[in-house]
Amino acid sequence: MTEVSAKSSARATDGEIRETAIYWPEQVKAIVDGYNQYSGIAHGVQKDAIQNSWDARSTSKGTGWTIEFELRSDGKGTSYLSFRDTGTFGLTGKVIPADKMVDNLPDEERWARFESLAFVKGSNGGSLGSRGRGKFIFIGASKRLTILYDTLRADGVYRVGKHWVEKTKCPVISWEGEVAKSRLQDETNGMFKPLETIGTRIIIVDPVDEVIEAWVDGTFDRAISETWWEIIQKFGAKIIAKRVGKQTVEGLLPEFVLADKDSKEYKVSIRENEKANLGGFKVKKLHIVSKRSGTVPNDIRGISVQRGGMKVTSIDVRYLPNELASSIYGYVALDEDAETLLRKDEGPEHYSIDFRRSFPGALRRYVEDQLGVFARDKLGWARDVRQIRREQQQLAERRALLAINKIARETGFFGSSSGTKEGTDEPRPWRPIRVRFPAFVFPRKDDIRVNYGEKVVGIRVSGVNDSDTQIKTRLKMFLRSDQKELKTYLDKDLAIDPEKDSGEFGPYEEAISVANFPAIGRYVVVARMTILSGKQKGSTIEEKRSFYVGQDPPAKGLFEKCEPIEYPDEARALMGEAQSGEKGGYKLLYNVRHPAYLAIENDQDQQAEYLFRLLSFELCRLDVIREKPVLFTSEEKGTSDGLLRKTLSVLGGFLNKYYGS
């Protein structure tokens, strides 16, 4: 596109060109809020400070590299938090005006990048951080929204800069040489002298209380060790906290000393240089440790995802019981190509990774699978993570099937009708003497499958006598399997007056455990009333309600099941399709390799909705090809536009019922 200059554009429109007004304090607050979603502003200050400095190291292994943090007060009410490095290039390059900036700045233009927002390196986009937000977390950490920075370069140039925020401006100013040295003294009330070694220093003017508190109570130091343990361990990186009369070189957290072999205290798993089904990229190292003597602190719990020597985030230990999950920590590191790919899905604050994306999702599945193997082989846990994941997938399938089959029945479809009517609220023939047996309350609406660890509640019963004479009766309610009676809730002789009921008995509940329900399958609660007087003496009235433990009920409805399929590469773009089922209905085959599915496979609610959407579309398609459709009129089917518009309307209605039911 040809650029139109401001001057020529103004002539063409005969108007005035103005810059868009930006309320900068709110912009800075938004950036700070982004960091506060994770570990807070103090944690963000140390992370971005070290990240910027480590990126600028003059040797690949950081030989001679240091960064030193210090908090000073001028005795007049102003504090300064500074961090200065050595073993770096310093802020090289020119002072470039805004109208001379280019999209991708050359590598050596470090000064211009630091003073700008979102202008990145030209060659490779940066190593750890290059989105331009770091200096704004420093500004946000200042009560005055002001930072100072100075640099001494190898060519002898000394420069000082100031960056601050006003209502609608975010100005920068800089000085060089002797003028710069004088300005530094003026701006800091004489608290800082000019740099004498090559490197860079950043000074936060009047830091916010949260930063000062973290510095004083030591959480600032702990954050450094938690984030940067890898470069401390691997390269001997010197990160120094300088306090009055004391200087501390940050080391490894005692809790994060990773054992490399099994012992009485630790169980260990180390896997190295595995391709791990990550598209040809390698997992350089996965190191898992379980501390047997107790839980590990929250900030190091889980598997740390490392990039460039920095902790980005952690993969939580899911699927395992808490007593095991809380003992596990470690890290995963990737090869250089994989790190570059992972970085594309990293959050701008460098605290998160979008695991819904294809490559990060595959990495998380690999780590979770290895955690399952570790828990089984080293910690004595009997279950398989992949089986648990499949069980959750089946629950999502079940939820989607129940919802779509209910809609199919309501709209006039009918399919496979196998299964039992027990456990439903379908009306029974009215009888003057009867059992009142309300529906149970299950963990999931309209789903009579119950898993181990869940409960069936609301089991209650009463006898009703709407005749004109008193009756004597025996009311019994009991639980049975297909083979035998297991438990009696109620067995009581009663006299029920005319046009009265016995009063309600219950509610009872059933906690589903292996001890009480050793076999998966169908269980039935029976409510039975035996009449002991009058003309109907000896007759029985019985109602039943079923539930299924650890197993889906028999198929019932138009769609019989959902079946996960790994479509081949050439068909990977296909999401799924309905095919004829085994019982006269249909089954949905869905592609578990489709990126849209991979994005939600770790969230059961999103997974259920995803499958419901596919089933809804297939329900529309099946209706269109029917001889007598119930969702579409002949006119709507007659044109592509009419068909598409009505399909969209129908799908919207289905989703309304899905969320509103």
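What you see is a predicted model, and the numbers here were worked out from it, not measured in a lab. The chain is numbered in sequence order, starting from 1.
- Side chain of K47 to main chain of H350: a donor-acceptor pair is present (N/O by atom type, distance under 3.5 Å, no hydrogens or angles).
- Although no hydrogens or angles enter the test, the distance criterion places no donor-acceptor pair under 3.5 Å between the side chain of D345 and the main chain of R357.
- Minimum heavy-atom separation, C562 to P564: O-CD, 3.9 Å.
- In this structure a side-chain-to-backbone donor-acceptor pair under 3.5 Å is present from T340 to E336.
- A donor-acceptor contact under 3.5 angstrom links the side chains of S352 and Y38, judged on distance only.
- The local environment of CZ in F632 is crowded, with over 12 non-hydrogen atoms from other residues, nucleotides or ligands closer than 6.0 Å.
- Checking side-chain atoms of K285 against main-chain N and O of I270 turns up no donor-acceptor pair under 3.5 Å.
- The main-chain N or O of P438 is found under 3.5 Å from a side-chain atom of R545 such that the two form a donor-acceptor pair.
- Residues A403 and Y658 share a closest heavy-atom pair of CB-CD1, 3.7 Å.
- The neighbour count for E410 CD, taken as heavy atoms of other residues, nucleotides or ligands under 6.0 Å away, is above 12.
- For the residue pair E397/Y590, the side-chain donor-acceptor check at 3.5 Å is satisfied.
- The aromatic rings of F547 and F440 sit perpendicular to each other, their planes meeting at more than 60°, with 30° as the lower class boundary.
- Scanning all heavy atoms of the two residues, the minimum distance from E618 to E577 falls at OE1-C, 3.8 Å.
- Looking only at distances, a side-chain donor or acceptor of R572 sits under 3.5 Å from a matching main-chain atom of R593.
- The shortest non-hydrogen separation linking E349 to G34 is OE2-CA, 3.5 Å.
- We find that D605 and R399 are joined by a salt bridge, their nearest charged nitrogen and carboxylate oxygen being less than 4.0 Å apart.
- If you check the side chains of T488 and E485, you find a donor sitting under 3.5 Å from an acceptor.
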Passes side-chain contact (heavy atoms from CB on, under 4.5 Å), F442 versus V456? Steps please. CA-CA 5 Å; F442 292 100; V456 180; 4.0 Å; yes
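- Under 3.5 Å, the side chains of Y523 and E510 contain no donor-acceptor pair of N or O atoms.
- Summarising the geometry of F359 relative to A338, their closest heavy-atom pair is CE2-O, 3.7 Å, with the distance given to 0.1 Å.
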Does the pair E346 and R343 meet the rule for a salt bridge (charged side-chain N to carboxylate O under 4.0 Å, His left out), with working shown? CA-CA 5 Å; E346 187 176 309; R343 188 173 178 279; 5.7 Å; no
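- Counting heavy atoms of neighbouring residues, nucleotides and ligands inside a 6.0 Å radius, atom CZ of R292 does not exceed 12 of them.
- If you check the side chains of Q392 and R389, you find no donor sitting under 3.5 Å from an acceptor.
- Within the 3.5 Å criterion, the main-chain N or O of L558 finds a donor-acceptor partner in the side chain of N405.
- No salt bridge links D369 with R365; every basic N to acidic carboxylate O contact stays at or beyond 4.0 Å.
- Using modelled atom types, one side-chain atom of K646 and one backbone atom of L631 make a donor-acceptor pair closer than 3.5 Å.
- Across I353, L341, L334, a single residue satisfies side chain to side chain contact (heavy atoms under 4.5 Å, CB included) together with L363, and that is L334.
- With sequence neighbours left out, the side chain to side chain contact (heavy atoms under 4.5 Å, CB included) criterion links E563 to K561, I565, K587, L589.
- No more than 12 heavy atoms of other residues, nucleotides or ligands lie within 6.0 Å of OH in Y586, so this atom counts as exposed by the packing criterion.
- The environment of E582 atom CD is sparse: at most 12 non-hydrogen atoms of other residues, nucleotides or ligands sit within 6.0 angstrom.
- Put simply, the side chain of R398 never gets that close to the backbone of R449: no donor and acceptor are under 3.5 Å apart.
- Contact check on R444 versus E454 returns a salt bridge, with a Lys/Arg side-chain nitrogen under 4.0 Å from an Asp/Glu carboxylate oxygen.
- Listed for the H287 side chain is a donor-acceptor partner under 3.5 Å among the backbone atoms of A259.
- Salt-bridge formation is detected for the pair R528/E542: a Lys NZ or Arg NE/NH1/NH2 atom is positioned less than 4.0 Å from an Asp or Glu carboxylate oxygen.
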